[in-house]
Colleague: 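Please find one structure pasted underneath; my questions will follow.
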Amino acid sequence: MKIGIITVYHASNFGAYLQAYALKRAMEHMGHDVFHIETKSEKKIRRGYFKYPATRRSFKHPIEEFQKYLYGKKKYDIFKKEQQVFVVIPETEAEHMDRIIIGSDELWNISEEKFRHPLYFGAGLEYVLTYGISIGRAKKKDFLIHPEFLTWIKNIHQILVRDKKTQLFVKESTGKMPPMVCDPTFLIPLKEMIHLCHDPYIKNHSYILVYTYEFIMGNKIKEHIIRYAKEKNLKIVSVGFFFAWCDYNLNCGPLEFSDVIRYAQCMVTTTFHGSIFALLNHQRFLVEPFSPKVNDVLEKVGIPEVAIPSDISYEQFCSRMDQQDLDYQMVDRNVMKMRKESLELLKQYM
């Protein structure tokens with residue numbers, strides 16, 4: 001069948017790309033032809049990577065902001081090249097697909113304007129299935145302000161969700177309890193999502209890896225990372241985003257993300273997919289969760305103890321990192337169980 005996928009494959013973070021790539025590969029393993037439906041102009045996509053002309057903050061921190069601009073511009077070029085694996089079709093071609101899959105990711109997070117796209121809710125489309133859909137940080141009151149989205153949700157053929165919060169929201173909104181599935185990055189073997197990273201810095205230095213979005217990680221956690229790195233004689237490497245407080249800001253393709261994680265001595269993240277790829281790579285890591293979905297996935301795989309509060313003391317931070325003894329055999333069993341169950345549901349509703 002011809003499968004049209006609606007997702008944010010073009011966003012400027014590793015998770016968005018990798019979930020889109022993994023779902024594409026999973027569908028291809030089933031024998032389907034996969035297409036990604038374009039929902040954003042190239043200008044808007046580019047703005048997600050770097051902003052120019054200058055912003056107000058640029059005048060206060062001109063050197064740092066220019067560095068971020070150059071970093072984002074290079075990142076855009078790298079991601080653009082990686083995105084060539086997706087066969088992209090315009091919105092007008094969506095009606096010619098045999099099936100439409102919406103997701104995964106936070107496509108129903110209408111608390112943010114960028115997610116209020118009618119196609120993210122299957123408006124005007126037939127044979128629609130959601131896979132691993134999430135409302136993210138949105139609340140029921142956000143949907144009450146925009147009731148048309150609730151109407152579109154009720155018309156979707158089958159909804160498969162990614163987290164408890166979204167599951168309860170769909171049940172309350174439609175009267176039906178939707179099945180829960182794993183993130184697409186759990187659907188295929190890790191080896192299918194790894195390219196070697198040849199950046200000499202990570203080959204020649206011992207480092208603590210940081211993966212977080214701008215303005216997300218708490219100042220106290222940053223201070224802990226800086227102090228910890230100094231005491232352990234480690235460099236601080238940020239991957240995917242530029243931070244002036246890090247020793248090195250690595251720009252690489254999404255499929256190199258796992259390789260960068262594997263080389264690290266340890267890792268600190270705030271994100272959902274940062275957590276997923278840390279555990280898939282059996283890394284020693286801590287998470288300051290940015291959203292409930294992070295805690296949700298950690299509980300599902302059986303290692304909720306890696307989550308830390310933003311006000312954790314330095315002594316606790318060190319203890320949680322240094323004395324970590326995660327049962328990765330159990331984690332792998334849980335991942336395989338989720339993969340099997342989710343693939344069966346996906347096949348059932350195709």
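Worth knowing before you read on, the calculation uses all heavy atoms, side chains too, and leaves out hydrogens, waters and symmetry mates. In this text, all values refer to a predicted model and were calculated from it rather than measured experimentally.
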Colleague: Regarding H29 and E192, is there a side-chain donor-to-acceptor distance under 3.5 Å anywhere?
Modeller: yes
Colleague: Taking the cut-offs as 6.0 angstrom to the six-membered ring centre and 45 degrees off its axis, would you call K68 and F242 a cation-pi pair?
Modeller: no
Colleague: To the nearest 0.5 Å, how far apart are CD1 in I6 and CG in L125?
Modeller: 5.5 Å
Colleague: Assess whether a salt bridge exists between R162 and D183, defined as any Lys/Arg side-chain N lying under 4.0 Å from an Asp/Glu carboxylate O.
Modeller: yes
Colleague: To the nearest 0.5 angstrom, please state how far the CD1 atom of I208 sits from the NZ atom of K230.
Modeller: 15.5 Å
Colleague: Classify the angle between the aromatic ring planes of F121 and W108 as parallel (below 30°), tilted (30 to 60°) or perpendicular (above 60°).
Modeller: parallel
Colleague: Checking the side chain of S12 only, and the main-chain atoms of G48 only, is there a donor and an acceptor separated by less than 3.5 Å?
Modeller: yes
Colleague: Quick check: Y207 with Y248 (ring centres under 6.0 Å apart)?
Modeller: no
Colleague: How would you list all residue pairs meeting salt bridge (charged side-chain N to carboxylate O under 4.0 Å, His left out) that involve residues 335-350, not counting sequence neighbours?
Modeller: K337-E341
Colleague: State whether E28 and K24 are salt-bridged, where the test is any N-O pair (Lys NZ or Arg NE/NH1/NH2 against Asp/Glu carboxylate O) under 4.0 Å.
Modeller: yes
Colleague: Before we go on, tell me: are the rings of Y9 and Y17 under 6.0 Å apart, centre to centre?
Modeller: no
Colleague: Is the H146 ring parallel, tilted or perpendicular to the F149 ring (thresholds 30°, 60°)?
Modeller: perpendicular
Colleague: Flag the pair E299 and K164 as a salt bridge only when some basic side-chain nitrogen lies within less than 4.0 angstrom of an acidic carboxylate oxygen.
Modeller: yes
Colleague: Which residue in the set I37, L160, T130 passes side-chain contact (heavy atoms from CB on, under 4.5 Å) when paired with I102?
Modeller: T130
Colleague: So, applying side-chain contact (heavy atoms from CB on, under 4.5 Å) with I303, which one of V287, V297, L326, D327 is it?
Modeller: L326
Colleague: Indicate yes or no: at least one non-hydrogen side-chain atom of Y228 is less than 4.5 angstrom from one of C318.
Modeller: yes
Colleague: Rounded to the nearest 0.5 Å, how far apart are NE2 of H117 and OG1 of T39?
Modeller: 5.0 Å
Colleague: Looking only at atom types and distance, does a side-chain atom of D199 sit under 3.5 Å from a main-chain N or O of Y201, one as donor and one as acceptor?
Modeller: yes
Colleague: Determine, for F79 and K75, whether the Lys NZ or Arg CZ falls below 6.0 Å from the six-membered ring centre while staying within 45 degrees of the axis.
Modeller: yes
Colleague: Show your reasoning for whether salt bridge (charged side-chain N to carboxylate O under 4.0 Å, His left out) applies to D296 and K300.
Modeller: CA-CA 6 Å; D296 189 64; K300 285 177 181 176; 3.2 Å; yes
Colleague: Step through it carefully: locate the ring centre of Y211, locate the ring centre of F14, and say whether they are under 6.0 Å apart.
Modeller: yes
Colleague: Run the numbers on R284 and D322 for salt bridge (charged side-chain N to carboxylate O under 4.0 Å, His left out), then give the verdict.
Modeller: CA-CA 9 Å; R284 184 164 55 101; D322 293 338; 3.7 Å; yes
Colleague: Same cluster or not: are W152 and L150 linked, directly or through other Ile, Leu, Val, Met, Phe, Trp or Tyr residues, by side-chain heavy atoms under 4.5 angstrom apart?
Modeller: yes
Colleague: Are the aromatic rings of F169 and F143 close, with centres under 6.0 Å apart?
Modeller: yes
Colleague: Given the rule in the salt bridge (charged side-chain N to carboxylate O under 4.0 Å, His left out) test, do R262 and D259 qualify, once you have shown the distances and angles that lead to the verdict?
Modeller: CA-CA 5 Å; R262 293 191 298 181; D259 201 41; 2.9 Å; yes
Colleague: Is it true that R137 and E106 make a salt bridge, defined as a side-chain N closer than 4.0 Å to a carboxylate O?
Modeller: no
Colleague: Under the criterion salt bridge (charged side-chain N to carboxylate O under 4.0 Å, His left out), I'd like the reasoning laid out for E42 against K80: C-alpha separation, chi angles, the key distance, then a yes or no.
Modeller: CA-CA 10 Å; E42 193 59 35; K80 193 67 179 174; 2.9 Å; yes
Colleague: Check for a donor-acceptor pair, side chain of N334 on one end and backbone N or O of V301 on the other, with a separation under 3.5 Å.
Modeller: yes
Colleague: Answer yes or no: is there a side-chain heavy-atom contact under 4.5 Å between M177 and Q167?
Modeller: yes
